[in-house]
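A quick write-up on the structure given underneath.
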Amino acid sequence: MGNNAQTGGNDATSRICSVLALVPRGRVITYGDLAEMAGYPRAARLAGQTLRKLPPDTKLPWHRVINAQGRISLPEPGAQRQRDKLETEGIVFLNGRVDMARYRWRP
DNA sequence: CGTTTGACGCGAT
DNA sequence: GATCGCGCCAAAC
């Protein structure tokens with residue numbers, strides 16, 4: 001297991017991945033919340049950087065992470081793929097945005 | 001070892 | 001709503 005990039009070590013990456021794994025299907029989480037739940041309040045960028053490093057074959061629900069505005073932050077062509085995955089889970093995009101009041105996952 | 005960059009967030013203007 | 005500035009943390013330069 002050379003990949004500690006998912007759930008191996010005890011650093012920021014693995015903590016963020018652990019939280020990410022909890023996000024249920026059909027729901028989304030913001031970068032800020034993801035970082036906060038992982039123990040890094042106000043470090044939204046850390047979450048984004050961590051996601052960017054995920055291997056393409058990851059089983060983590062990376063697509064359920066969007067920005068606080070309900071928009072996809074991932075640049076094309078990834079954005080199209082992410083949106084497609086989210087819509088498959090039943091999430092509705094209205095004018096390029098997700099209704100955060102409805103889909104935002106906050107335990 | 002200092003600076004820049006990035007799948008960000010939020011208050012202030 | 002659009003912009004700006006600052007905070008945060010790791011990796012790349």
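Chain A is the first sequence line, chain B the second, and so forth, proteins listed ahead of strands; every chain is numbered from 1. The figures here come from the full heavy-atom set of this structure, side chains too, leaving out hydrogens, waters and symmetry mates.
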- Message: Between P on B/dA7 and CD on A/Gln80, what's the gap in Å once rounded to a whole number?
- Response: 18 Å
- Output, in order, the C-alpha distance, side-chain angles, deciding distance and verdict of side chain to side chain contact (heavy atoms under 4.5 Å, CB included) for A/Val28 and A/Val23. CA-CA 7 Å; A/Val28 297; A/Val23 183; 6.0 Å; no
- Query: Separation of A/Ile29 atom CD1 from B/dC8 atom P, in whole Å?
  - Reply: 15 Å
- Item | Residue pair A/Lys85, A/Gln82: steps toward the side chain to side chain contact (heavy atoms under 4.5 Å, CB included) verdict | CA-CA 5 Å; A/Lys85 281 176 172 286; A/Gln82 180 172 12; 5.8 Å; no
- Distance in angstrom units between A/Leu54 CG and B/dG6 C1', rounded: 15 Å
- Message: Could you go through A/Val98 and A/Ile66, starting from their C-alpha distance and side-chain angles, then the distance that decides it, and tell me whether this counts as side chain to side chain contact (heavy atoms under 4.5 Å, CB included)?
- Response: CA-CA 9 Å; A/Val98 167; A/Ile66 61 181; 4.0 Å; yes
- Can you check the A/Arg71 CZ to B/dC8 P distance for me, whole Å? 13 Å
- Message: If I take atom CZ in residue A/Arg64 and atom P in nucleotide B/dC8, what distance separates them, rounded to the nearest angstrom?
- Response: 20 Å
- Query: How long is the line joining CG of A/Leu34 and P of B/dG9, in whole Å?
  - Reply: 10 Å
- Task: May I ask you to establish whether A/Arg45 and A/Tyr31 are in a cation-pi arrangement, using a distance under 6.0 Å from NZ or CZ to the six-membered ring centre and at most 45° from the ring axis?
- Result: no
- Contact pattern, 5' to 3', of nucleotides 6-13 of chain C - B, S or - by protein heavy atom under 4.0 Å: -BBBBS--
- A/Thr30 and A/Met100 have their tightest heavy-atom pair at CG2-CE, 3.5 Å
- Message: Taking the P atom in each of B/dT4 and C/dG5, what is the distance between them to the nearest angstrom?
- Response: 15 Å
- Are any of the side-chain nitrogens in A/Asp33 or A/Arg104 under 4.0 Å away from the carboxylate oxygens of its partner? yes
